[in-house]
Number of protein chains: 2
Amino acid sequence: MFSPRSLAVVGASDSPRKWGNWLARGALLGEHRREVHLVNRRGGEILGRPSFRSLHDLPSAPELVVIALPDDVLEAAVEEALTAGARAIVVISAADDQDAASARRDRALAERVRGAGAVLLGPNCLGVVDTEQELVLTSNPLPAGSIGLISQSGNLALELGMLADEAGLGFSRFASLGNQADLDAAALLRDFAQHDATRLVALYIEDFRDGREFARAAGEVLAAGKPVLLLAVASGPATTRAVRSHTGALASDDAAIDAACRAAGIERVSTATELIDAAQALLRAALPRGRRVAVLSDGGGHGSIAAALCARSGLQVPELGERTSARLRAALGARAGVLNPVDLAGAAERDLHTFDRTAELLLGSGEVDAVLLTGYFGGYEQYGEELAREELLAASRLGEAAVAANRPVLVHTIHASAPAVAALREAGVAVYPAIERAVWALARLAEVGEARPDGVAGLPDSAPAGALPEPAPAGALPEPAPAGALPEPAPAGARPADAYEHARLLLAGGGITFVAQRTVRGLDEALDAADEIGYPVALKALGLLHKSDAGGVLLGLADAAALERSFGELQARVRPARCSVEAMAPLQEGVELLIGARWDARFGPVVLAGAGGVYAEILADTAVALAPIDDQEALLLLRSLRCAPLLTGARGRRLLHIDAAARALAALSRVAAEHPEIAEIEINPLLVTGDGAVGLDARLVGAADQT
Amino acid sequence: MFSPRSLAVVGASDSPRKWGNWLARGALLGEHRREVHLVNRRGGEILGRPSFRSLHDLPSAPELVVIALPDDVLEAAVEEALTAGARAIVVISAADDQDAASARRDRALAERVRGAGAVLLGPNCLGVVDTEQELVLTSNPLPAGSIGLISQSGNLALELGMLADEAGLGFSRFASLGNQADLDAAALLRDFAQHDATRLVALYIEDFRDGREFARAAGEVLAAGKPVLLLAVASGPATTRAVRSHTGALASDDAAIDAACRAAGIERVSTATELIDAAQALLRAALPRGRRVAVLSDGGGHGSIAAALCARSGLQVPELGERTSARLRAALGARAGVLNPVDLAGAAERDLHTFDRTAELLLGSGEVDAVLLTGYFGGYEQYGEELAREELLAASRLGEAAVAANRPVLVHTIHASAPAVAALREAGVAVYPAIERAVWALARLAEVGEARPDGVAGLPDSAPAGALPEPAPAGALPEPAPAGALPEPAPAGARPADAYEHARLLLAGGGITFVAQRTVRGLDEALDAADEIGYPVALKALGLLHKSDAGGVLLGLADAAALERSFGELQARVRPARCSVEAMAPLQEGVELLIGARWDARFGPVVLAGAGGVYAEILADTAVALAPIDDQEALLLLRSLRCAPLLTGARGRRLLHIDAAARALAALSRVAAEHPEIAEIEINPLLVTGDGAVGLDARLVGAADQT
């Protein structure tokens, strides 16, 4: 596909408003490398050379055929390409309505192509590029470089191209995914993993198809030492989905994507700018081995702002030790700031090598993991040729210092298009036109560095490639089918009438402890149950999705009189057919967590842990993983929460039984992975005390219950 | 200062590396408006015209004198300017060492100038500009426009100038503050408030001098209908300050700046880019009356990314109603997305007025408060002259639609320097080159809109100008003196030996309720106290700053035996001279808050409220105000917390006594404002239940105790 020995453009055109024209122009750029044929059923001259009326008229079989024809003749054109001997087909054509009928047509096309031993990209795609091979089959050229780009949006690919160009970066390959009828993102990832000129892979994906296969393929790219950056937004407007549960509110489809990224070691970003900023850092800078940053500026204002941003982004700007400060003072003079931020305060204006010498001193001090230069660098060339030459040399030396120290140097400058900036980038220094972008990139780099302590940017942090968890039973993942399709529910009769009881039964069966409980229908049964359990008790109305919100939960009933009164109240208010009488848990002795799982149409079961109880929504403190996970993975997930210090006895607090909580989380993840008929299941709260972890409430939504 | 009829540059020079040269060149640009004289003690020709050896040689008195001489002759030069009749003096010169001696010299200079009835800007400043008056006395020109800029950093002013230029904005006036020996930020703010050509004031400040005076002056600018944007970082490296208390850890000096911004209605920003992005939105867009955004794109990828960013930034992207969707469907065709995000999906390529007509439809639907256009707009000109003309017209009509609807339209485009972008900006539309910047600006605009429901960007949200709270006793605010200077502590003998008891006494005297408590020395006293208070009790060791961390707090002692055992443990572990026996509070029935105050060297007493207890650090959920505040203001502060729903009975929770919490907060703020000798005081936790608010622990740090 990317290095064909011969290629044909079907639908080639002389009209500069047509795809067939853009593709033909692009194809001819590589004419010195391969045979290029233009095909148009009307024949005649196109772009000054003869065209063919049919692929069958070509002097030899075209290895690659790109089709830009009206959609209604697409099937015939693909047939013609296959019979003419094409090994790869790129289909720009697209149905006006992307509906069920066009999806069926796409599947049939893909089967036909595969049957012939060929591959197909598209339909509805925007072409392919391989800059090394001078293969340009798309509407806009892309700058050459080392990024492999896979995109499902044309305008975004264009934006990424412009931003990469601004950053002095470019692309090794580009493939537009289109409808992924045959080749999908996973297939292209596997190809990019083997492609020497590709040093980093960037993706914009709207539909992940087989999500776990996607993650495995991304893992292979990472295993080849190439970072993977993913720009993705949750499929479908989250706002239009009925939010039926807490888990749903806290963990949108984003959770599934995040879980896959975590499993495969993919770096997820939110915008095109973030993608290029992260790419620049990963391609140009060494991974920091910690979060200590020396801020270096040629003016107090820029230094202060950078230091404040660093602190807010989880980076540290430590005060430098006496020895380093004294050396800086000796080198920079009395007006300089030498504690960190380091402010050159005019010393650089007298000698531009102050920049590289100071950076070298800081990098070698052992007191910082990175240097962030912010301010005016690049602008000194305005003051004459001598300064311009000196500045270019200082730029190279800054880069050499970073390489020698194997520590990252990132630069923010207000002169981002100056010649010295190009020199910096050539020397392997990442340069940004805004301080917030430089700090963001450095913080992200520090995160990657923490996940990859060996300092190799491309290695995944958790499971090695191929070792992704598989939901059981095998094959339970839904077919890559239209988004929203969910696995079939279990027969309705197979589960108890109340989702609370169903959830409790399933989860207790999986090994999770719940508070003592009895389901009761009348007051007498309730009083008997309470006697058995022991006062104080809690009383819950069954059959309500959000019991608490509806006033269906009454806590701390101290004796029979209180229970009788509460039972009456509950009957009057929500008329439950049945109630649950439960032991009161020692809430004040523990911390409440929320643990849950949901079945994602693309990624299968995803497990979530977070702060629970009344703080669940306020903290919005959650961590996710592809299910199932084992006890050790569950422990890592819990320790990654912001509320983890409440469990681990920080600041003189009681040490709680985090291992028991991890076991419960792992058990829940197994239950979820074994039951594709469950759309969502959760325990909230799971009370973690010094003695263990016990579920106080549970909830389940079957796939059949979802609207 | 900004519109002198005559001006003299002292230290004018022919050397293009000297300030005296840059200033002279700038000054001559306005020669057709005013007399400009160049002064150099060596005389001769400068920039092709005769210079004067002394200000006394000028044909008439210079109204404005700008001095760029070596620092050692500065005093003589100022003296000469005053005797020559100068009314305003701008001093570029600066001492090499900004130390105590130079500060004394600055004060003396300022007194001399004031004594002569003149004003002085600097020393150590980078000049002044008034673009309307063609007064350019600085090293770099600034683009003309309507922003009044006051800066304490030269490079930042330069960066702001470049960013403003990129955004099609410019400056009415610029003043560099320097050392603020005479004129300070407050004085310049008052001047800018009256300046017609200034529609918005932007500040970069490192030292606020009299902080409350600064806030009052900013309030006057706002009262004149002009937004005030402040870029400021906390003074001094926060990392080097010993963090001695929870309040300290949660509320750095940033809290004082935030409190002043809140009081005066100032918009605080963190970077130069944020400042210009906010300025563009405030100057070009109407204030939204809500957070509902229609995302409009000419490609699905950009729309999804924008919608996801909006949701993350607290904006809403609501699904559009049936009527609006149907109208969009009719206008845009079957491939368009019509639910929100609205994806034109090719409709714009056929007719560029699809952009303005769709925006107009959305603005008039009543279903959204703003339209955010994202994608390719501006790039259609590439496809020929007709499209270029159409695009310019579409840009104007987009602006007209926004003005007619009095709702904001913000645009992100990948073609940010296209002619249509200039047309958009001229038509009053804010345009950004990155989607995250557009969404950030819109979210900020929505915040301002909420604070100013009348829709006037310039009006402060709380206290009208002049009504800022004054700490009592009057005059207790420290002199504008070197940062870090603190008010004198009260005599040490005047307070009890333990900060906990001191805090309790002071705060209880202010009207705050604490749990019943007795201070005891031995076990017998402890047992008597517990009998009096009633079991269960808590036992605390006194004399420790962080009692809990040191294991000095034992809770829930049920009877005399438990108390005796715990008393023994405590003696063995921390050997306290005295202990506190206290009633156990009903923790499970309430929510724990933290309330506190600290005395800031520049802004005086600042009060803080936040989530308390074990969640204080994890939530980092705090709100600040200048103290003292009244009950109503305290209530607003509490309601602004993320944890407020826990107090206000949201989602079926118990309604807690938030009014009692507000009264306690207001009382604490009064105590803090009345006691300048207290550096920090706090209650953590303040337990808020359905019945009231009660302090469970308190802490105080005297100014004399600070290191």
Side-chain angles (χ1 to χ4, degrees), chain A residues 17 96-98 152-156 158-159 162 204 206 231 233-234 237-240 270-274 298-302 304-305 307-309 311 316-319 334-335 339-340 375-376 383 414 434-436 548-551 587-588 614-615 618-619 621 642-643 645-646 651-653, chain B residues 17 96-98 152-156 158-159 162 204 206 231 233-234 237-240 270-271 273-274 298-302 304-305 307-309 311 316-319 334-335 339-341 375-376 383 414 434-436 548-551 587-588 614-615 618-619 621 642-643 645-646 651-653:
Chain A
R17 294 292 304 269
D96 265 352
D97 293 332
Q98 293 292 327
Q152 263 190 299
S153 159
N155 278 355
L156 261 173
L158 199 58
E159 183 172 23
M162 295 163 87
Y204 171 76
E206 290 176 353
L231 175 54
V233 292
T239 42
T240 63
S270 304
T271 67
T273 304
E274 282 187 6
D298 45 359
H302 279 115
S304 304
I305 288 170
L309 281 182
Q316 296 144 16
V317 185
E319 185 171 326
R335 293 186 71 172
L339 292 178
N340 199 11
Y376 196 83
Y383 304 108
I414 65 176
I435 185 61
E436 49 267 70
S548 298
D549 293 4
L587 286 174
Q588 63 286 0
V614 295
Y615 285 94
I618 292 167
L619 271 169
D621 175 22
R642 270 185 293 138
C643 68
L646 299 185
R651 297 202 68 163
R653 279 173 208 131
Chain B
R17 295 292 304 270
D96 264 351
D97 293 333
Q98 294 291 325
Q152 263 190 298
S153 159
N155 278 356
L156 261 173
L158 200 59
E159 182 172 23
M162 294 164 89
Y204 171 76
E206 290 177 351
L231 174 55
V233 291
T239 43
T240 62
S270 304
T271 67
T273 304
E274 282 188 7
D298 46 359
H302 279 114
S304 304
I305 289 169
L309 281 183
Q316 296 145 15
V317 183
E319 184 171 325
R335 295 187 69 170
L339 292 178
N340 199 14
Y376 198 83
Y383 304 107
I414 65 175
I435 186 60
E436 49 267 70
S548 299
D549 293 4
L587 285 174
Q588 64 286 2
V614 293
Y615 285 95
I618 291 165
L619 271 168
D621 175 23
R642 271 185 292 140
C643 70
L646 299 185
R651 299 203 67 164
R653 280 174 207 130

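Comparing Gly301(A), Ser153(A), Gly299(A), Gly375(A) by how many heavy-atom pairs each has under 4.5 Å with chain B, the most go to Gly301(A). Between chain B and the options Leu231(A), Ile414(A), Leu158(A), heavy-atom pairs under 4.5 Å are most frequent for Ile414(A).
If you take CZ on Arg642(A) and CD1 on Ile618(B), they are separated by 8.5 Å, rounding to the nearest 0.5 Å.
With a 4.5 Å cut-off on non-hydrogen atoms, Ala307(B) does not touch chain A at all.
At least one donor-acceptor pair under 3.5 Å links the side chain of Asp621(B) to the backbone N or O of Cys643(B). Between the side chain of Asn155(A) and the main chain of Tyr376(B), no donor-acceptor pair closer than 3.5 Å is present.
Residues satisfying the side chain to side chain contact (heavy atoms under 4.5 Å, CB included) criterion with Thr271(B), sequence neighbours excluded, are Ile305(A), Leu309(A), Ile435(A), Glu436(A), Thr273(B), Glu274(B).
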